[in-house]
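The structure appears below as structure tokens.
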Amino acid sequence: MKFVIQRVTEASCTVDGNVTGAIQKGFLVLIGIADTDTTAIADKMIKKLLGLRIFEDADGKTNLSLADVGGSLLLISQFTLYADCRKGNRPSFVRAGKPEMASPMYDYIVARCKEQIPDTGCGIFGADMKISLLNDGPFTILLDSEEIC
């Protein structure tokens with residue numbers, strides 16, 4: 001599982017001209033799911049995501065978490081995070097989770113995040129999504145379950 005976390009001052013997801021999720025200060029999280037991922041892995045990734053202290057405190061130090069600043073989440077499924085570009089110029093996506101497994105896993109992640117961060121928006125799994133964001137910093141972090149689980 002891979003999470004690309006971007007600290008934003010605002011972000012939104014639009015599908016077919018309709019906004020499916022929009023947030024102000026918080027994290028835009030692009031989520032890549034592999035066939036080998038489990039809910040136990042998702043739980044560890046969510047714990048790490050929600051515990052990240054990358055917002056500034058009164059002294060200007062990145063010392064505050066999403067909950068500390070009353071931040072929001074926008075969660076977007078993105079199988080292209082598993083692009084393999086080692087051979088040729090056309091990426092392979094064989095490591096990306098199959099939709100019948102990845103879609104319920106994405107829904108699980110969204111539901112678990114909403115339990116702790118009620119202001120959680122999302123995209124639509126498998127849809128052609130248009131993502132708009134104003135990156136704050138910029139501050140972007142890659143969490144890979146192979147490194148933290």
Side-chain angles (χ1 to χ4, degrees), residues 1-15 20-57 59-86 91-149:
M1 190 170 292
K2 296 181 183 186
F3 287 1
V4 175
I5 303 155
Q6 297 181 349
R7 188 179 73 184
V8 298
T9 56
E10 62 184 57
S12 65
C13 175
T14 304
V15 176
T20 64
I23 64 167
Q24 294 299 308
K25 183 178 189 171
F27 295 158
L28 166 66
V29 186
L30 306 175
I31 300 170
I33 299 168
D35 278 332
T36 55
D37 288 327
T38 65
T39 56
I41 290 171
D43 289 339
K44 288 179 184 178
M45 293 287 284
I46 293 164
K47 181 178 180 181
K48 181 64 88 171
L49 165 70
L50 298 181
L52 285 176
R53 298 184 325 180
I54 62 173
F55 290 97
E56 293 180 358
D57 63 15
D59 296 323
K61 305 283 185 194
T62 51
N63 220 9
L64 301 176
S65 71
L66 193 62
D68 293 334
V69 299
S72 304
L73 284 171
L74 181 58
L75 306 175
I76 306 296
S77 63
Q78 189 169 349
F79 77 94
T80 60
L81 293 178
Y82 276 96
D84 182 346
C85 298
R86 290 179 287 184
S92 168
F93 299 101
V94 296
R95 290 196 55 222
K98 310 264 182 309
E100 56 272 10
M101 174 276 196
S103 181
M105 183 67 69
Y106 171 69
D107 292 341
Y108 175 84
I109 293 166
V110 170
R112 291 300 308 263
C113 286
K114 282 184 176 183
E115 291 172 3
Q116 296 181 58
I117 306 293
D119 188 11
T120 295
C122 57
I124 298 175
F125 186 91
D128 179 14
M129 296 176 276
K130 307 302 181 202
I131 308 301
S132 175
L133 71 134
L134 186 56
N135 202 322
D136 183 18
F139 208 124
T140 303
I141 294 176
L142 173 63
L143 289 183
D144 189 328
S145 61
E146 291 183 12
E147 296 172 3
I148 67 168
C149 293

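Residues take their numbers from the sequence shown, with the count starting at 1.
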(message) Could you go through K25 and V69, starting from their C-alpha distance and side-chain angles, then the distance that decides it, and tell me whether this counts as side-chain contact (heavy atoms from CB on, under 4.5 Å)?
(response) CA-CA 9 Å; K25 183 178 189 171; V69 299; 4.1 Å; yes
Is any side-chain heavy atom of [X] less than 4.5 Å from a side-chain heavy atom of [Y]?
X: T20; Y: C122; value: no
X: M45; Y: K2; value: no
X: I141; Y: I54; value: yes
X: I5; Y: L52; value: yes
X: L73; Y: V29; value: yes

(request) Might you point out which heavy atoms bring G71 and I117 nearest each other, and give the distance in Å? (result) O-CG2, 3.5 Å
(message) If you compare all heavy atoms of P91 against all heavy atoms of A83, which two are closest, and at what distance to 0.1 Å?
(response) CB-CB, 4.0 Å
(message) With side-chain contact (heavy atoms from CB on, under 4.5 Å) as the test, pick out the partner of V4 among L143, L142, D144.
(response) L142
(request) In sequence, state the C-alpha distance, the side-chain angles, and the governing distance for M129 and I76, and then conclude on side-chain contact (heavy atoms from CB on, under 4.5 Å). (result) CA-CA 9 Å; M129 296 176 276; I76 306 296; 3.8 Å; yes
(request) Name all residues meeting the ring pair (Phe, Tyr, Trp, His ring centres under 6.0 Å) criterion together with F55; count only those two or more places apart in sequence or in a different chain, and write none if there are none. (result) F27
(request) List in chain and number order the residues that pass ring pair (Phe, Tyr, Trp, His ring centres under 6.0 Å) with F93, two or more places apart in sequence or in another chain; answer none if no residue qualifies. (result) F79
(message) Does V8 form a side-chain contact (heavy atoms from CB on, under 4.5 Å) with L134? I'd like the steps, not just the answer.
(response) CA-CA 6 Å; V8 298; L134 186 56; 5.8 Å; no
(message) My understanding is that only residues two or more places apart in sequence, or in another chain, count here; which of them pass salt bridge (Lys or Arg N to Asp or Glu O under 4.0 Å) with R112?
(response) D43, E115
(request) Could you tell me which residues satisfy salt bridge (Lys or Arg N to Asp or Glu O under 4.0 Å) with E147, sequence neighbours excluded, listed by chain and number? (result) none
(message) Any carboxylate oxygen within less than 4.0 angstrom of a Lys/Arg side-chain nitrogen, looking at K61 and D59?
(response) no
(request) May I ask you to decide whether E146 forms a salt bridge with K44, counting only side-chain N to carboxylate O separations under 4.0 Å? (result) no
Approximate separation, where rounding is to 0.5 Å, of [X] [atom1] and [Y] [atom2]:
X: K47; Y: L49; atom1: NZ; atom2: CG; answer: 13.0 Å
X: Q24; Y: S12; atom1: CD; atom2: OG; answer: 9.5 Å
X: I31; Y: I46; atom1: CD1; atom2: CD1; answer: 8.0 Å
X: L75; Y: T120; atom1: CG; atom2: OG1; answer: 6.0 Å
X: S145; Y: K48; atom1: OG; atom2: NZ; answer: 13.0 Å
X: I109; Y: T39; atom1: CD1; atom2: OG1; answer: 10.0 Å

(request) Keeping the roles fixed (side chain from Y82, backbone from M1), state whether a donor-acceptor pair exists under 3.5 Å. (result) yes
Side chain to side chain contact (heavy atoms under 4.5 Å, CB included) partners for [X], two or more places apart:
X: T36; value: A34
X: N135; value: Q6, L133, P138, T140
X: K98; value: D35, E100
X: T38; value: A40, I41

Residues in side chain to side chain donor-acceptor pair (under 3.5 Å) with [X], at least two apart?
X: D128; result: K130
X: S65; result: D68
X: D37; result: none

(request) Decide side-chain contact (heavy atoms from CB on, under 4.5 Å) for T62 and F139; before the verdict, give the C-alpha distance in whole Å, the side-chain angles of both, and the deciding distance to 0.1 Å. (result) CA-CA 11 Å; T62 51; F139 208 124; 3.8 Å; yes
(request) Can you tell me which residue pairs pass the side chain to side chain donor-acceptor pair (under 3.5 Å) test with a partner in residues 69-80, sequence neighbours excluded? (result) S72-D119, Q78-T80
